[in-house]
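Data block below; observations after.
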Amino acid sequence: VNTPGVKRAEADENDESEGILLDKVKAKAYRGLAALGNFMAQDAPDIGYAAKEISKSMSSPVIGDIPQLKRLGRYLTKHPTRVYLYQWQPLPDKISGYSDSDWGGDRSTRRSTSGGCIMAGAHLLAQRSRTQHVISLSSGEAELHAICACATEGLALRKICVEMGVACDLELLTDSSAAKGIVMRQGAGRVK
């Protein structure tokens, strides 16, 4: 396979045979492999989303969760090694945070996923793929939560740079004009 994970089809989620709990031995093996995928995702940005989706069902894995785990395994078998080349670059004067989200991507809980990364020039400093804690009522709200998460991590990394003696600015980048309009607004306005 060429991708580590995909969203489940709606037909798969509604299939009753997919919702049968795994027995204790298989559930323990599932949890161990899910934890391993989660551990690997810290250094492999390409499997972050797949590892997050697999880890969501660690408490009570069902038969329908196994194909996602197998897909990640097939992807890792096809791409066993990764090389991240951090070439020499001049000291960057800004840190760039990229954020995005999918609105209501989890069909069972209707929660969105925030994703993004923080870059210093061409170097990746941090990446994330997390399920949002709130149920967003619009795509603009989901994007706003993603921007806030990116800003939080970016400010923390900027503070670390300042403590190391490197002065830099933080730049946030998003593809949502609605969320950008809310963030750029001054004062409370009409947004709740």
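For clarity, every value in this text was computed on a predicted model and none was experimentally measured.
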ask   = Pairs in or reaching into residues 30-57: which pass salt bridge (Lys or Arg N to Asp or Glu O under 4.0 Å), with residues at least two apart or in two chains?
value = Asp46-Arg82, Glu53-Lys56, Lys56-Asp106
request  = Considering only Ile, Leu, Val, Met, Phe, Trp and Tyr, and joining two whenever side-chain heavy atoms are under 4.5 Å apart, list the other residues clustered with Leu21.
outcome  = Val62
key: Members besides Trp103 in its Ile/Leu/Val/Met/Phe/Trp/Tyr cluster (side-chain heavy atoms under 4.5 Å)   = none
key: From CD (Glu143) to OG (Ser99), nearest 0.5 Å   = 6.5 Å
note = Members sharing Leu173's hydrophobic cluster, built from side-chain contacts under 4.5 Å between Ile, Leu, Val, Met, Phe, Trp and Tyr, are Tyr84, Tyr86, Tyr98, Met119, Leu124
query = For Asp100, which residues count as a side-chain hydrogen bond (donor to acceptor under 3.5 Å, both in side chains) partner, sequence neighbours excluded?
reply = none
message = Between Ser112 (side chain only) and Asp102 (backbone N and O only), is there a donor and an acceptor less than 3.5 Å apart?
response = yes
request  = Please identify each residue that fulfils ring-ring contact (aromatic ring centres under 6.0 Å, His included) with Tyr75, with sequence neighbours left out.
outcome  = His79
ask   = Restricting to pairs with a member in residues 133-171, which pass ring pair (Phe, Tyr, Trp, His ring centres under 6.0 Å), not counting sequence neighbours?
value = none
Considering only distance and modelled atom types, tabulate donor-acceptor pairs under 3.5 Å from the side chains of residues 152-167, sequence neighbours left out.
unit_1: Thr152; atom_1: OG1; unit_2: Cys148; atom_2: O; d: 2.8
unit_1: Glu153; atom_1: OE2; unit_2: Arg130; atom_2: NH1; d: 2.6
unit_1: Glu153; atom_1: OE2; unit_2: Arg130; atom_2: NH2; d: 3.3
unit_1: Arg158; atom_1: NE; unit_2: Cys168; atom_2: O; d: 2.9

query = Do you know the tightest heavy-atom contact between Gln132 and Ala142?
reply = NE2-O, 2.9 Å
Pairs satisfying salt bridge (Lys or Arg N to Asp or Glu O under 4.0 Å), at least one member in residues 58-67, at least two apart = Arg8-Asp65
request  = List for me each residue that meets side-chain hydrogen bond (donor to acceptor under 3.5 Å, both in side chains) alongside Thr3, sequence neighbours excluded, and say none if there are none.
outcome  = Arg71
message = Do Ser129 and Thr113 make a side-chain contact, defined as non-hydrogen atoms from C-beta onward lying under 4.5 Å apart?
response = yes
query = Can you name the side-chain hydrogen bond (donor to acceptor under 3.5 Å, both in side chains) partners of Asn2, sequence neighbours left out?
reply = Lys78
request  = Identify, with sequence neighbours excluded, every residue that meets side-chain hydrogen bond (donor to acceptor under 3.5 Å, both in side chains) alongside Ser96.
outcome  = Glu171
